[in-house]
Amino acid sequence: MDEVQTEHSRLLALVEASRALTSELNLDRLLQRIADVSREVVGASYAAVGVLDDKGDLGQFVFSGLDEETAARIGHRPTGVGVLGAIIEENRPLRLREIADHPRSSGFPDHHPPMHSFLGVPISGRSGAFGRLYLTEKQGDAEFTAEDERIALMLAGQASVAVENARLYEEVSQRNKELERLQDALKHLAVFEERDRIARELHDGVVQSIYSVGLSLQGSLSLLSRDPAGTRARIDEAINELDNVVRDVRSYIFELRPKIVEEKGLAAAIEELAKEFEVNTLAHVDLDIAAGDSEQLGAAAQGHVIQIVREVLSNIARHAGAMEVTVRLAAGNGEVLLLIDDDGHGFDPSTVSRGHGLNNMSDRARKLNGQLLIETREGGGTRHSLRFRTEATGD
């Protein structure tokens with residue numbers, strides 16, 4: 001009966017350990033939790049976790065069961081050689097009744113507490129072993145058991161997933177910081193007489209693209225614990241999108257149109273913006289755009305239209321909280337009508353401070369010799385309508 005209760009207690013402890021490890025995304029705190037949880041579940045007096053750096057050396061080392069005063073007297077941390085190094089080199093568990101009996105044992109430094117029984121297991125990921133879990137001084141027994149080894153391996157497997165998730169989280173956080181720095185730099189960009197034009201073009205194209213990438217990276221955070229591989233794929237996609245942003249920066253500087261319109265045409269470009277909007281907001285976009293209608297527009301007009309669509313969808317994503325959006329583009333009898341409706345919170349344009357976004361859209365509408373109206377829809381939400389004549393637009 002006692003054995004059944006003990007096994008039940010261990011299973012509950014393992015479940016709690018799994019929850020604890022998957023909920024922590026700070027790498028330093030995670031390593032400490034791995035050491036604390038493993039020591040408690042396996043029943044050891046001391047535990048430690050070591051993680052290798054890019055050079056294969058022991059870059060991080062945290063311990064549990066040893067007070068800070070004793071650790072300070074010992075001084076330097078282990079370097080990962082001797083008995084500890086054997087675990088990584090052989091990539092298999094090591095269980096000893098007496099550490100000193102191992103041929104690679106070199107003893108302990110001054111002030112180190114006595115340790116006899118030992119259990120060590122590798123922490124392995126997709127690219128191989130990158131860390132070790134050490135447990136010493138089995139409580140209530142002279143040595144660790146095969147069951148202790150099995151549980152330690154289970155904990156190491158959970159730790160492997162948790163560590164890779166934490167590293168992905170740190171990578172995403174760093175990418176977001178880089179994006180914020182890039183956005184700040186773009187906001188302060190000015191090039192003498194061309195600074196107003198470049199600021200407008202960068203806002204409509206580059207900043208909106210960066211904002212879209214930022215949303216995608218933020219969305220990837222929710223996948224960390226469930227789908228690390230999928231998260232890596234999303235990060236790769238974000239990096240590719242940043243490469244496109246760099247390309248568009250060069251295009252704007254030389255007064256070229258964004259590549260998305262040049263390469264795919266206006267209808268396909270709007271469809272791509274709608275897909276990005278759906279992925280980043282979980283809202284639905286209903287498109288009603290005939291390729292033939294968009295072909296009636298000149299290159300300059302297409303450039304203005306796509307940037308207006310980009311700005312409107314960006315504003316809806318950031319402020320409206322909409323679940324349904326409709327984009328319609330129709331052309332006939334020399335006239336073009338663009339309608340974008342959403343079922344979001346709505347707003348009164350007359351009471352909103354006009355920043356780059358609204359001013360840029362109005363400027364583009366004037367260049368098309370058209371009119372851009374922003375109105376509250378019956379039942380809630382907002383309608384953006386752009387109307388202009390095709391004969392007044394050219395390259």
Side-chain angles (χ1 to χ4, degrees), residues 186 189 191 193-213 240-277 285 287-316 325-340 356-374 384-395:
L186 291 174
L189 180 66
V191 187
E193 303 87 70
E194 291 290 274
R195 63 182 181 274
D196 291 333
R197 177 189 67 82
I198 294 176
R200 180 174 61 253
E201 294 290 343
L202 290 176
H203 177 272
D204 284 353
V206 176
V207 172
Q208 300 306 329
S209 295
I210 292 175
Y211 178 74
S212 175
V213 174
N240 290 335
E241 182 59 25
L242 288 177
D243 290 339
N244 291 334
V245 171
V246 172
R247 182 184 62 184
D248 275 348
V249 168
R250 296 193 183 102
S251 296
Y252 289 132
I253 291 174
F254 292 97
E255 299 184 337
L256 298 176
R257 290 177 295 117
K259 294 293 183 181
I260 187 175
V261 179
E262 182 178 304
E263 294 175 352
K264 299 183 178 182
L266 181 59
I270 293 176
E271 182 178 359
E272 186 166 313
L273 288 179
K275 289 179 180 178
E276 293 176 0
F277 175 87
V285 180
L287 292 177
D288 183 6
I289 300 171
D293 292 342
S294 62
E295 289 173 0
Q296 298 184 34
L297 305 181
Q302 291 186 36
H304 291 313
V305 170
I306 191 63
Q307 298 294 18
I308 290 174
V309 173
R310 187 197 297 271
E311 179 64 29
V312 172
L313 291 181
S314 175
N315 288 340
I316 293 173
V325 177
T326 301
V327 180
R328 291 188 172 87
L329 179 66
N333 299 321
E335 188 175 77
V336 178
L337 176 62
L338 171 69
L339 293 177
I340 303 178
H356 265 306
L358 292 176
N359 288 333
N360 288 348
M361 288 193 294
S362 297
D363 289 344
R364 291 183 183 281
R366 283 193 293 271
K367 289 181 178 179
L368 291 167
N369 291 323
Q371 185 178 24
L372 176 68
L373 296 178
I374 305 176
H384 293 74
S385 60
L386 171 67
R387 190 186 301 271
F388 60 94
R389 298 195 63 80
T390 55
E391 60 262 32
T393 66
D395 293 345

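Position 1 is the first residue of the sequence, and the numbers go up from there. Values below: every heavy atom of this structure, side chains too, minus hydrogens, waters and symmetry copies.
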**Asked** Can Asp288 and Val327 be said to form a side-chain contact (heavy atoms from CB on, under 4.5 Å), step by step?
**Response** CA-CA 6 Å; Asp288 183 6; Val327 180; over 6 Å; no
Of the non-hydrogen atoms in [X] and [Y], which two are nearest, and what is the gap between them?
X      : Y      : value
Ile289 : Ala267 : CG2-CB, 3.9 Å
Arg364 : Gly303 : NH1-O, 4.4 Å
Leu372 : Ser362 : CD2-N, 4.4 Å

**Prompt:** Among all residues two or more places apart in sequence or in another chain, which pass the side-chain hydrogen bond (donor to acceptor under 3.5 Å, both in side chains) test with Arg366?
**Reply:**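 Listed in chain order: Asp363.
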Return the [atom1] to [atom2] distance between [X] and [Y], rounded to the nearest 0.5 Å.
X      : Y      : atom1 : atom2 : value
Lys367 : Asn369 : NZ    : CG    : 12.0 Å
Asn359 : Glu311 : CG    : CD    : 10.0 Å
Asn360 : Arg310 : CG    : CZ    : 12.5 Å
Glu335 : Phe388 : CD    : CZ    : 9.5 Å

**Request:** Determine whether Thr326 and Val285 make a side-chain contact, defined as any pair of heavy atoms from C-beta on separated by less than 4.5 Å.
**Result:**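 Sidechains of Val285 and Thr326: no contact.
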**Message:** With a 4.5 Å cut-off on side-chain heavy atoms, are Ile308 and Leu386 touching?
**Reply:**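 A side-chain contact under 4.5 Å exists here.
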**Asked** Who pairs with Leu337 by side-chain contact (heavy atoms from CB on, under 4.5 Å), at least two apart in sequence or on another chain?
**Response**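 For Leu337 the side-chain contact (heavy atoms from CB on, under 4.5 Å) partners, ignoring immediate neighbours, are Leu339, Arg387.
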**Asked** What residue among Lys275, Glu271, Glu276 forms side-chain contact (heavy atoms from CB on, under 4.5 Å) with Leu273?
**Response**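 By the side-chain contact (heavy atoms from CB on, under 4.5 Å) criterion, Leu273 pairs with just one of Lys275, Glu271, Glu276: Glu276.
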**Message:** So if I apply the side-chain contact (heavy atoms from CB on, under 4.5 Å) rule between Val309 and each of Leu338, Leu329, Leu266, which one comes out positive?
**Reply:**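 Running side-chain contact (heavy atoms from CB on, under 4.5 Å) over Leu338, Leu329, Leu266 with Val309 returns exactly one hit, Leu338.
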**Message:** side-chain contact (heavy atoms from CB on, under 4.5 Å), that's the test. Do Val312 and Met361 meet it? Break it down for me.
**Reply:** CA-CA 9 Å; Val312 172; Met361 288 193 294; 3.5 Å; yes
